[in-house]
Amino acid sequence: MGAVSATTLWVVTIATGVLSLALKVAGHVVPARWLEHPRLTRINALVPIVLLSALVVAEALVERTRLVLDHRLAGVAVALGLLLARAPFPVVVVGAALASALVYHLH
Amino acid sequence: MVRPHPATLREALSVALTVGAYGLAFGAAGVSAGFSVLQTCLFSLVAFTGASQFAAVGVVAAGGGPVAAVLAAGALGTRNALYGLQLKPRLGTRGATTLLAAHLTIDESTAVALAQGARGEAAERHGFWVTGAGVYVFWNLFTLAGALGAHALGDPAAFGLDAAVPAAFLGLLWPRLVSARLVVVAVAAMAFALAVTPVLPAGLEIVATVLVAVAFGWAP
């Protein structure tokens, strides 16, 4: 993970808050026709899926700009198995953490 | 003032409680990415939109810069604007109440409100406000608990927190994969992110997958 500068952390915290709030307010105050385009709606419906997918692999397999196979992959593999077995969300997260920590300490 | 329908209240509160578990995961994710407990809590108090918050801290944890982190959060926040469009005529708010409604406009409050259709307009409003307020309270309390817990544990890798974060993303992704086509979109996005990782600055591979959404969503 490495050290991230304090400024970066504050910028991300504040800018994410302001931008998120601004987008929410926009939906309630701007005319509907500005935002209602079928193509925009279709693409927007896919955005959570692509970004969450990218976040899964980025967090599980990437160290800055390199691909690495380490303890995190073991955790995510266990998470996948638990999801396939229809385990609830907290079980999935805790199971992944336990598996990852185990592999981390064995190394 | 019409009393809320008991079934509406039940749905709203069960959603609010369920979200608590995700708040715990977010609190831990924020602190393991390097944010302070205060900053992690500010995300939940001000941004108050789970996926965007997870994305912002996820990009930072992946070594990304502030622009990539905020772009990823913004890309996920656009759907709240589209929810607002649907909610506005149903809530009939004005002035400061509109701002409050906007702040509580998230996946859960919108879903519960729109699911009340058969119980009438009052039930839609109750569903929105009770879910929004309930999720806000539980999301923030559990964010604080998760952040304090992760802070007390220390080294994220020693307790598996660095794997809990991608597992949480997978858990958030899973219920959205309701068709074979959406599974294809998810796999394509994963492959794309891995393929561009070596050639893009850290964190931008996440934002770049919006191109995959554009490619799949362009034609009906």
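Here is the naming used below: chain letters follow the sequence lines, and residue numbers restart at 1 for every chain.
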K.L.:
A cation-pi test, strictly: NZ or CZ of A:R39 under 6.0 Å from the centre of the six-membered ring of B:W218 and no more than 45 degrees from its axis. Yes or no?
P.N.:
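Pair A:R39/B:W218 counts as cation-pi.
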
K.L.:
Which atoms of B:F192 are under 4.5 Å from chain A, going by heavy atoms: the side chain, the backbone, both sets, or neither?
P.N.:
neither

K.L.:
Against chain A, label B:L45 side chain, backbone, both or neither, depending on which of its atoms sit under 4.5 Å from a heavy atom there.
P.N.:
neither

K.L.:
Between A:V78, A:L52, A:L9, A:T8, who has the most heavy-atom pairs with chain B when the cutoff is under 4.5 Å?
P.N.:
A:L9

K.L.:
Among B:T98, B:V210, B:L194, who wins on heavy-atom pairs under 4.5 Å with chain A?
P.N.:
B:L194

K.L.:
So which atom in B:A167 and which in A:V93 form the shortest heavy-atom distance, rounded to 0.1 Å?
P.N.:
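What the structure gives for the nearest pair is CB-CA, 4.4 Å.
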
K.L.:
Please classify the contact of B:L204 with chain A as side chain, backbone, both or neither, using a heavy-atom distance under 4.5 Å.
P.N.:
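Neither part.
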
K.L.:
Check each atom of B:L99 against the heavy atoms of chain A and say whether the ones under 4.5 Å are side chain, backbone, both or neither.
P.N.:
side chain

K.L.:
Given heavy-atom pairs under 4.5 angstrom as the criterion, report whether the side chain, backbone, both or neither of A:H28 touches chain B.
P.N.:
both

K.L.:
If you compare all heavy atoms of A:V4 against all heavy atoms of B:V60, which two are closest, and at what distance to 0.1 Å?
P.N.:
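Distance-wise, the nearest heavy atoms are CG2-CG1, 4.0 Å.
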
K.L.:
Between B:D155 and chain A, with a heavy-atom cut-off of 4.5 Å, which part of the residue counts as in contact: side chain, backbone, both or neither?
P.N.:
side chain

K.L.:
Highest number of heavy-atom pairs under 4.5 Å with chain B: which of A:Y104, A:F89, A:W10?
P.N.:
A:F89

K.L.:
For chain B, find which of A:L98, A:V92, A:T65 contributes the most heavy-atom pairs closer than 4.5 angstrom.
P.N.:
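Winner by heavy-atom pair count: A:T65.
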
K.L.:
With a 4.5 angstrom heavy-atom cut-off, which part of B:A51 approaches chain A: side chain, backbone, both or neither?
P.N.:
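Contact with chain A: none, neither part.
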
K.L.:
In terms of heavy-atom pairs under 4.5 Å with chain A, which of B:A202, B:A193, B:A208 leads?
P.N.:
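Highest number of pairs under 4.5 Å: B:A202.
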
K.L.:
Side chain, backbone, both or neither: which part of A:V25 has an atom under 4.5 Å from a heavy atom of chain B?
P.N.:
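Contact with chain B is through both the backbone and side chain of A:V25.
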
K.L.:
Is the shortest side-chain heavy-atom distance between B:L76 and A:P48 below 4.5 Å?
P.N.:
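They are in contact (side-chain heavy atoms under 4.5 Å apart), so the answer is yes.
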
K.L.:
Can you tell me how far apart OG1 (A:T16) and CG (B:L71) are? Round to the nearest 0.5 Å.
P.N.:
10.0 Å

K.L.:
Quick check on the interface: out of B:A158, B:S36, B:G65, who has the most heavy-atom pairs with chain A under 4.5 Å?
P.N.:
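Heavy-atom pairs under 4.5 Å are most numerous for B:A158.
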
K.L.:
Quick check on the interface: out of B:A191, B:A164, B:A188, who has the most heavy-atom pairs with chain A under 4.5 Å?
P.N.:
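Heavy-atom pair counts peak at B:A164.
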
K.L.:
Atom CD in B:Q53, atom OG1 in A:T13: separation rounded to 0.5 Å?
P.N.:
10.5 Å

K.L.:
Among B:L170, B:T49, B:V212, single out the residue with the greatest number of heavy-atom pairs under 4.5 Å to chain A.
P.N.:
B:L170

K.L.:
Set out, in order, the CA-CA distance, both residues' side-chain angles and the distance that settles side chain to side chain contact (heavy atoms under 4.5 Å, CB included) for B:D162 and A:S100, then state yes or no.
P.N.:
CA-CA 8 Å; B:D162 53 349; A:S100 175; 3.8 Å; yes

K.L.:
Check whether any side-chain heavy atom of A:V12 sits under 4.5 Å from a side-chain heavy atom of B:P66, and report yes or no.
P.N.:
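Result yes, sub-4.5 Å side-chain heavy-atom pair found.
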
K.L.:
Tell me, out of B:A25, B:A157, B:A69, B:P198, who's got the most heavy-atom pairs with chain A below 4.5 Å.
P.N.:
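Looking at each of B:A25, B:A157, B:A69, B:P198 in turn, B:A157 comes out on top.
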
K.L.:
Is it the side chain or the backbone of B:A28 that comes within 4.5 Å of chain A heavy atoms, both, or neither?
P.N.:
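Nothing of B:A28, per the 4.5 Å heavy-atom cut-off to chain A.
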
K.L.:
Looking only at heavy atoms, what is the nearest atom pair of A:L23 and B:T78, with distance?
P.N.:
CD1-N, 3.8 Å

K.L.:
Is A:L106 atom CG crowded by more than 12 heavy atoms from other residues, nucleotides or ligands, each under 6.0 Å away?
P.N.:
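Yes, enclosed.
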
K.L.:
Is chain A contacted by the side chain of B:V187, its backbone, both, or neither, given a heavy-atom distance below 4.5 Å?
P.N.:
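For B:V187, there is no contact with chain A at all, as no heavy atom is under 4.5 Å.
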
K.L.:
What's the separation between atom CD in A:E59 and atom CD1 in B:I206, rounded to the nearest 0.5 Å?
P.N.:
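Reported value, rounded in 0.5 Å steps: 6.5 Å.
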
K.L.:
Looking only at heavy atoms and a cut-off of under 4.5 Å, which of A:L73, A:L67, A:L51 has the most pairs with chain B?
P.N.:
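Among the listed options, the one with the most contacts to chain B is A:L51.
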
K.L.:
Checking heavy atoms, do the side chain of A:V30, its backbone, both or neither come under 4.5 Å from chain B?
P.N.:
backbone

K.L.:
Grab the two heavy atoms, one from B:T105 and one from A:K24, that are nearest each other, plus how far apart they are.
P.N.:
O-CE, 3.5 Å

K.L.:
Using non-hydrogen atoms and a 4.5 Å limit, figure out which bit of B:F159 sits close to chain A: side chain, backbone, both or neither.
P.N.:
backbone

K.L.:
Give me the contact list for residues 80-90 of chain B versus chain A, heavy atoms only, anything under 4.5 Å, ordered by residue number.
P.N.:
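From residues 80-90 of chain B, the residues near chain A are B:N80, B:A81, B:L82, B:G84, B:L85, B:L87, B:K88.
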
K.L.:
Would you name the heavy atoms of A:R42 and B:G217 that are closest together and state the gap between them?
P.N.:
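So the two residues come closest at NE-O, 2.8 Å.
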
K.L.:
For A:L61, which atoms come within 4.5 Å of any heavy atom of chain B: side chain, backbone, both, or neither?
P.N.:
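Only the side chain of A:L61 comes within 4.5 Å of chain B.
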
K.L.:
Whether the side chain of B:H103 engages the backbone of A:L21 through a donor-acceptor N/O pair (distance < 3.5 Å, no angle test) should be reported.
P.N.:
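Judged by distance alone, no pair lies under 3.5 Å.
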
K.L.:
Given the options A:P88, A:S53, A:G75, which has more heavy-atom pairs under 4.5 Å with chain B than any of the others?
P.N.:
A:S53

K.L.:
For the candidates A:V57, A:L46, A:V50, which exhibits the highest count of non-hydrogen atom pairs separated by less than 4.5 Å from chain B?
P.N.:
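The answer is A:V50.
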
K.L.:
Given a strict heavy-atom distance threshold of 4.5 Å, which part of B:L38 is in contact with chain A: side chain, backbone, both, or neither?
P.N.:
side chain

K.L.:
Please classify the contact of A:L80 with chain B as side chain, backbone, both or neither, using a heavy-atom distance under 4.5 Å.
P.N.:
both

K.L.:
Taking all non-hydrogen atoms of both residues into account, name the closest pair between A:V76 and B:A163 and its distance.
P.N.:
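Here A:V76 and B:A163 meet closest at CG2-O, 4.3 Å.
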
K.L.:
Does any heavy atom of chain A fall under 4.5 Å from the side chain of B:I106, the backbone, both, or neither of them?
P.N.:
side chain

